[in-house]
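I have placed the structure first, in the form of structure tokens, so that the comments after it can refer back to it.
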Amino acid sequence: MSFKRKDLLGIRDLEVDEIEHILEMAASLKEINTRTIKKVPTLRGKTVIHLFYEPSTRTRTSFDIAAKRLSADTYSITASASSLVKGETLLDTLKNLEAMKPDIFVIRHTASGTPHRMARHTSASVINAGDGMHEHPSQALLDMMTILEHKKRLEGLNVLIVGDITHSRVARSNIWGLGKMGAKVILCGPKTLIPPEIESLGVQVCYRVEEAIADADVIMVLRLQKERQQQMLLPSLREYSIYYGINRERLGKAKQDVLIMHPGPMNRGVEISPDVADGPHSVILDQVTNGVAVRMALLYLLGQK
Amino acid sequence: MVNGEEHEGNWILRNGRVLDPERGLDKVCDVLVLGGRLVDISPHFDLPSDRLSEIKEIDAAGKWVVPAFVDMHVHLREPGEEYKETIETGTRAAVAGGYAAVACMPNTRPVNDCAAVTEFILDRARTRGSCHVCPVGAITSGLKGENLSEFGELRDSGAVAVSDDGRPVMSSMMMRRALEYAKTFGLLVISHAEDLALSAGGLMNEGPISTLLGLRGIPAAAEEIMIARDLILAETTGCRLHVAHVSTEGSVRLIREARKRGIPVTAETAPHYFTLTDDLLMTFDTVYKVNPPIRTSRDVQAIREGLADGTIDAIATDHAPHSAVEKDTEFEYAANGIIGLESALPLILALVREGILSPLDAMAKVSCNPSRILGVPFGRFRTGAAACVTIVDPDISYVLDADSFFSKSRNCPFHGHTMQGQVVMTFVDGKLAFSRI
Ligand SMILES: [Zn+2]
């Protein structure tokens, strides 16, 4: 199949065969990253602009490495998204950059829906590198790629996502992606961190992590932001860690071949204990490696036009 | 159609379907206006031929002839945000929508919390306005929630009510005192019911769609808890309460039950709350961002039932103009608000076509009901009174074009929609204030 989209904004609007196509492409491009000369001329002469309105080192670096390995020229712009910072509007910034004829914008923004709005205002391709609490499609794709590598399938797997679902775009994109690919998604966390009526997205919710852990083929541990305590969502990080932290003892009840994943950056000792993060079940660094391959695939597919 | 301009204020509107909800009149009649005053409504006036040249005759056959509308909830943005709207442009939008009177909310800059601002608004309305403007004063000075405004002076300078619209009174004690102090001066208290702690950071209705979009939700409870509080305070104090922009099923239920028990409460809703549902936000289009937020189809259904059984007395527009600076931005940072003066009528007529409201009931929601609640002399046909009349073509079908609006702002979610029903002419105090012909 050919990839006909101008933009990659979310997993929710992707078809199953599109997801498969991206994952196959990523698997074949991954090999480039192991060569001594890690560069192919595929996107030579193409311009990629990273427009980041939220601090992010790893996602930006991952996209930048992916683009450079495909020989694209890349530029990074980081700015503050605060509405209180008056000055040029985001749309003006976009229009000015567009006048310099880039081919692809990689956009991250703290406000949900912003890359979608940008995509409507530019003829260049837009890749959503994370918007608010909405979607983070490249993360879900690299997660699916990592699971596939280890489990050889997605269909029929039980994937447990533990933590702050409400504020997590990673959780939302994975709910869509894993659901489309036939996996069963179970969410676990205190009710204060589970958004209302999330079951309408086709997932199950469970408040006791011990109950959910036994059947899980994959456990995705989400980062818990320290400020949740101030938002009346949690009494303390300590109690969160006691009831929801993934540690070696809890993992004793899990399947022998369970995978432990984390989108990073980790709060060691809060949502995940160091021995689990670095333990035999952890595929956290595979996720990072696959991130480059998935982003190469996205840039390649959108850069072909 | 019009015989000439030399005799200002003398009109005969022939053969229209005259609807006067206050007295239940629904009949094909002539309406005679002389010297700007309503003389009479009668099946047929024979005018002596010598007077014919002095009276402009208008053929209203096939049209509705109704008391010009009263909008009890608009934001005119003047003073302070004249780039969004002014009293001049807002009232021109009003007459184009069939309104002869609008009540403007106090969240201007400066806030309308004293006689000086109220007088300024009334003065502007007199010199530049196209219709009557009824200022609503702030419940607390600066809408800060700290000190009561001077209700006595507000009333004496022309305010018709007090409200916390834009910045809800969070202290129950302050609200209690406001109800009691307002009663002293016979002023109505209009409540914008929102628990700010529950709605904090909220961008849209809380539910499956907000969860899916990753937009923080505003739960129905944020509205319902404050309505419940205010109803209890109205009962405790025996003071009259009006609830603005009712948007949820639970709010309708609370108000219905309170009325049954005799609590002195009235309520309004806005066309977007009985027309739109929150799945429209799937495109992140900021034109749908409004507070209270657009809710679910269940809520829309409940609002319609509340209108039908009289729980909701009035339809106001909550006309809230914003410029592209506030609206053409990231969803999270976009301002709340929808303009409504020039799109309300066809949306109300849709309720008539769907059998939810009779023509008389529909017209009552925008004429005698809001004027009765506010205690203003508009929205009814009274012999001898200054004639405020609107002629409506209930059947005409057209595509709504917000670019043709008189309002300075364009934040209308119905732009491009096919509508049925349009205001043809609006008379304010016997003068033709708007004509589409
Ligand atoms: Zn309000």
Side-chain angles (χ1 to χ4, degrees), chain A residues 9-13 53-54 81-86 88-95 107 109-121 128 130-136 165-173 175-176 187 194-203 205 230-233, chain B residues 83 195-224 248-250 277-289 293-299 322-336 411:
Chain A
L9 299 173
I11 303 288
R12 186 171 64 85
D13 36 53
Y53 282 81
E54 186 185 77
S82 168
S83 61
L84 302 174
V85 182
K86 279 290 167 202
E88 191 175 58
T89 69
L90 182 50
L91 210 53
D92 284 335
T93 305
L94 184 89
K95 289 285 173 197
I107 300 179
H109 202 283
T110 49
S112 301
T114 301
H116 306 68
R117 180 164 163 270
M118 298 293 98
R120 285 197 288 274
H121 284 98
N128 179 4
D131 65 316
M133 314 187 303
H134 182 220
E135 282 237 39
H136 192 350
I165 311 293
T166 298
H167 301 91
S168 177
R169 54 194 173 214
V170 176
R172 282 179 181 76
S173 285
I175 287 169
W176 295 118
L187 307 177
I194 307 277
E197 302 186 56
I198 188 87
E199 293 90 343
S200 65
L201 306 189
V203 296
V205 174
Q230 282 94 59
Q231 296 164 340
M232 292 183 251
L233 296 166
Chain B
Y83 68 101
D195 183 326
L196 293 174
L198 271 175
S199 65
L203 304 169
M204 64 171 294
N205 181 50
E206 179 180 296
I209 308 287
S210 67
T211 287
L212 183 156
L213 294 175
L215 293 173
R216 272 173 227 277
I218 301 173
E223 176 172 316
E224 291 158 9
T248 78
E249 183 187 21
T277 49
D278 64 350
D279 51 316
L280 289 162
L281 280 96
M282 292 288 278
T283 57
F284 293 98
D285 190 339
T286 60
V287 80
Y288 299 111
K289 192 175 174 192
I294 291 163
R295 307 279 187 181
T296 67
S297 53
R298 250 183 99 119
D299 297 298
H322 289 295
S323 79
V325 175
E326 291 83 23
K327 278 294 192 182
D328 194 5
T329 177
E330 292 87 314
F331 194 89
E332 191 169 331
Y333 311 141
N336 286 307
N411 49 311

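Both backbone and side-chain heavy atoms feed into the values below; hydrogens, waters and symmetry mates do not. Here is how names work: the chains are called A, B, and so on, in the same order as the sequence lines, proteins then strands, and each is numbered from 1.
Comparing Ser168(A), Gly132(A), Ser112(A), Ser200(A) by heavy-atom pairs within less than 4.5 Å of chain B, the highest count is held by Ser112(A). Highest contact tally toward chain A, considering only Thr211(B), Thr329(B), Thr283(B), is held by Thr211(B) [criterion: heavy-atom pairs under 4.5 Å].
Judged by distance alone, the side chain of Ser173(A) and the main-chain N or O of His136(A) form a donor-acceptor pair under 3.5 Å.
For chain B, the nearby parts of Ile198(A) are the backbone and the side chain; heavy atoms of each come within less than 4.5 Å. Heavy atoms closer than 4.5 Å to chain B are found nowhere in Arg169(A), neither backbone nor side chain.
Legend: residues meeting ring pair (Phe, Tyr, Trp, His ring centres under 6.0 Å) with His134(A), ordered by chain and number and at least two apart, are His116(A), Phe284(B).
Checking His109(A) against Glu54(A) by side-chain atom types alone, no donor-acceptor pair falls below 3.5 Å.
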For this session: Go through Glu135(A) and Ile11(A) one step at a time and tell me if the side chain to side chain contact (heavy atoms under 4.5 Å, CB included) criterion holds.
Result: CA-CA 7 Å; Glu135(A) 282 237 39; Ile11(A) 303 288; 3.6 Å; yes
